[in-house]
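Heads up: the structure comes next, in structure tokens.
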Amino acid sequence: LLSHSSFSLKRGKNKWLLNKTYHLYPNRAEFYESKDGDSAASDDDDNGQPQQQNMAVNTTVNAANHWTLETTTDSVQRVAEECMRSVETLWTHRQTNFLAKSQNSRDYRKAVGFSILRNPNGDVITSCNWSFWEVSATKKAVLIKLFITEPYSKSHVPQRRKKNGTLLTAHLLDISFRCRDDVDWVVICSERGIAETFWRALGFSDFKMNEIRGFCRGTEKDLNQFKDTILLRMHHSEYLQKYCENATEWDDDKCAVQTVFRKWRKKHLFMNRKLVFKHKGNVVHTHTIPSY
């Protein structure tokens, strides 16, 4: 007779339990998305909460204006529901279904994760569905399966080319290589074209043949379940070289999020454009408008 354990998920001791929220504290006066959170921010201003330029990790303090990076491996959490609701705007429910479809998935997919980037108004700007795989007896990988960035927030502020996707990717790299010391690769299941160019610019590259041959548990077919996508990967050593200046000891000032945050912040600053109307060389009227 078969025991009940023959039908259950074989997660084992490598199961990854993660449920964290990381807050970003930009200067509220300089960010035009801050107007989305004016109503919620007014109460926090009275409490005198400090506003910082850098990232604050694992805190529950309410700030006048904060973006959040939220990650969970629990499918019943609100973060998971909002993440899947966002990705289902581009992919069908059948494509976004994260239930195990093969015996290998049940045996060697140790966790399913959900990560989002949320703006001050609470809108989900960027979403990612990922999973944690045991690809061999000694090697593990984090697979980014679905990834989407909304072109506009609910207040119609454009979000294209604002490095929102880059910031969430940096967050995934940090939690993959920093929260666990046994992750060798972060793998992306990417479409060809613009998406492939985006991932390669972040440091992802093709698998080497000897690396693919080493996948004896979670195979290449298990990782890439689509017909029109390719697998790109970033190794732990490449992550340290590109984002951490080859630092072997972890430092909050030498991580992917901190590196990308400096560039991301400049894309979200509040700017005014001055329009000057002239007639025959003489200034007739000037007008200042916000520039997005």
Side-chain angles (χ1 to χ4, degrees), residues 9-12 14-16 18 71 73 75 80 83-84 86-116 126-149 165-166 168-173 175-177 180 182-239 242:
L9 294 177
K10 298 179 181 179
R11 299 297 176 95
N14 291 322
K15 184 177 180 180
W16 192 358
L18 186 64
T71 296
T73 55
S75 60
C83 174
M84 297 310 297
S86 177
V87 298
E88 285 180 357
T89 60
L90 182 61
W91 292 281
T92 63
H93 179 72
R94 182 177 181 181
Q95 292 173 316
T96 59
N97 188 1
F98 55 84
L99 296 178
K101 299 180 181 179
S102 64
Q103 187 62 38
N104 275 0
S105 298
R106 286 186 285 270
D107 290 345
Y108 305 122
R109 191 183 65 177
K110 302 302 181 179
V112 178
F114 311 88
S115 298
I116 62 174
T126 307
S127 304
C128 175
N129 173 222
W130 53 273
S131 55
F132 177 53
W133 282 81
E134 183 179 348
V135 294
S136 69
T138 59
K139 300 182 183 298
K140 298 177 179 62
V142 171
L143 171 67
I144 302 176
K145 180 181 178 182
L146 302 173
F147 195 97
I148 184 173
T149 298
T166 305
L168 186 60
T169 303
H171 169 64
L172 292 172
L173 292 173
I175 64 174
S176 299
F177 293 127
R180 296 187 66 102
D182 56 352
V183 175
D184 296 273
W185 292 294
V186 172
V187 184
I188 172 65
C189 186
S190 172
E191 297 178 345
R192 296 185 180 274
I194 298 178
E196 180 183 358
T197 304
F198 167 79
W199 294 111
R200 291 187 183 277
L202 296 182
F204 289 82
S205 58
D206 295 306
F207 271 103
K208 299 178 181 177
M209 187 58 64
N210 60 341
E211 295 173 343
I212 291 293
R213 290 174 180 174
F215 288 4
C216 58
R217 295 188 175 180
T219 62
E220 181 181 6
K221 184 178 180 181
D222 295 323
L223 299 180
N224 190 1
Q225 301 178 1
F226 304 106
K227 297 180 179 179
D228 57 344
T229 56
I230 60 174
L231 291 180
L232 302 175
R233 100 287 187 270
M234 179 182 294
H235 193 264
H236 189 189
S237 60
E238 298 172 348
Y239 161 78
K242 185 173 180 65

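Below, all heavy atoms of this structure are taken into account, side chains as well, without hydrogens, waters or symmetry copies. We're numbering straight along the sequence, starting at 1. Quick caveat, the model's predicted, so the values are computed rather than measured.
The ring pair (Phe, Tyr, Trp, His ring centres under 6.0 Å) search around F198 returns none, not counting sequence neighbours.
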(request) Could you go through the side-chain contact (heavy atoms from CB on, under 4.5 Å) check for L231 and F204 one step at a time? (result) CA-CA 9 Å; L231 291 180; F204 289 82; over 6 Å; no
(request) With side-chain contact (heavy atoms from CB on, under 4.5 Å) as the test, would you mind laying out the steps for M84 and N129 before giving the verdict? (result) CA-CA 7 Å; M84 297 310 297; N129 173 222; 4.2 Å; yes
(request) Evaluate side-chain contact (heavy atoms from CB on, under 4.5 Å) for F114 paired with S127, printing each intermediate quantity in order. (result) CA-CA 8 Å; F114 311 88; S127 304; over 6 Å; no
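The OG1 atom of T73 sits 14.5 Å away from atom NZ of K110, with the distance rounded to the nearest 0.5 Å. The CH2 atom of W199 sits 4.0 Å away from the CD1 atom of I188 when rounded to the nearest 0.5 Å. Expressed to the nearest 0.5 Å, how far CG of L223 lies from OG of S131 amounts to 7.5 Å. In this structure, the separation between CZ on F132 and CG on D182 is 5.0 Å, given to the nearest 0.5 Å. The distance from the CG atom of L146 to the CD1 atom of I148 is 9.0 Å, given to the nearest 0.5 Å. T126 OG1 to H171 NE2: the interatomic distance, rounded to the nearest 0.5 Å, is 11.5 Å.
Taking 4.5 Å as the limit, every side-chain heavy atom of F177 sits out of range of all side-chain heavy atoms of V142. Using a 4.5 Å cut-off on side-chain heavy atoms (C-beta onward), W130 and I175 make contact. At a threshold of 4.5 Å between non-hydrogen side-chain atoms, the residues R233 and V187 count as touching. Side-chain contact between S115 and L168: present, with at least one pair of heavy atoms (C-beta onward) separated by less than 4.5 Å.
In terms of modelled atom types and a separation under 3.5 Å, the side chain of T89 and the main chain of S86 share a donor-acceptor contact. Judged purely by atom type and a 3.5 angstrom limit, N224 uses its side chain to pair as donor or acceptor with the backbone of T229.
A side-chain hydrogen bond (donor to acceptor under 3.5 Å, both in side chains) check over residues 187-198, counting only residues at least two apart or in different chains, returns the pairs E196-R200.
What you find for L172 and I144 is that their closest heavy atoms are CD1-CD1, 3.8 Å. Summarising the geometry of V135 relative to A141, their closest heavy-atom pair is CG1-CB, 4.2 Å, with the distance given to 0.1 Å.
F215 and W133 have their aromatic ring centers separated by at least 6.0 angstrom.
If you run side-chain contact (heavy atoms from CB on, under 4.5 Å) between W185 and each of M234, K140, H235, only H235 comes through.
Residues K139 and E211 are not paired through a salt bridge, judged by the lack of any N-O separation under 4.0 Å between the basic side chain and the carboxylate.
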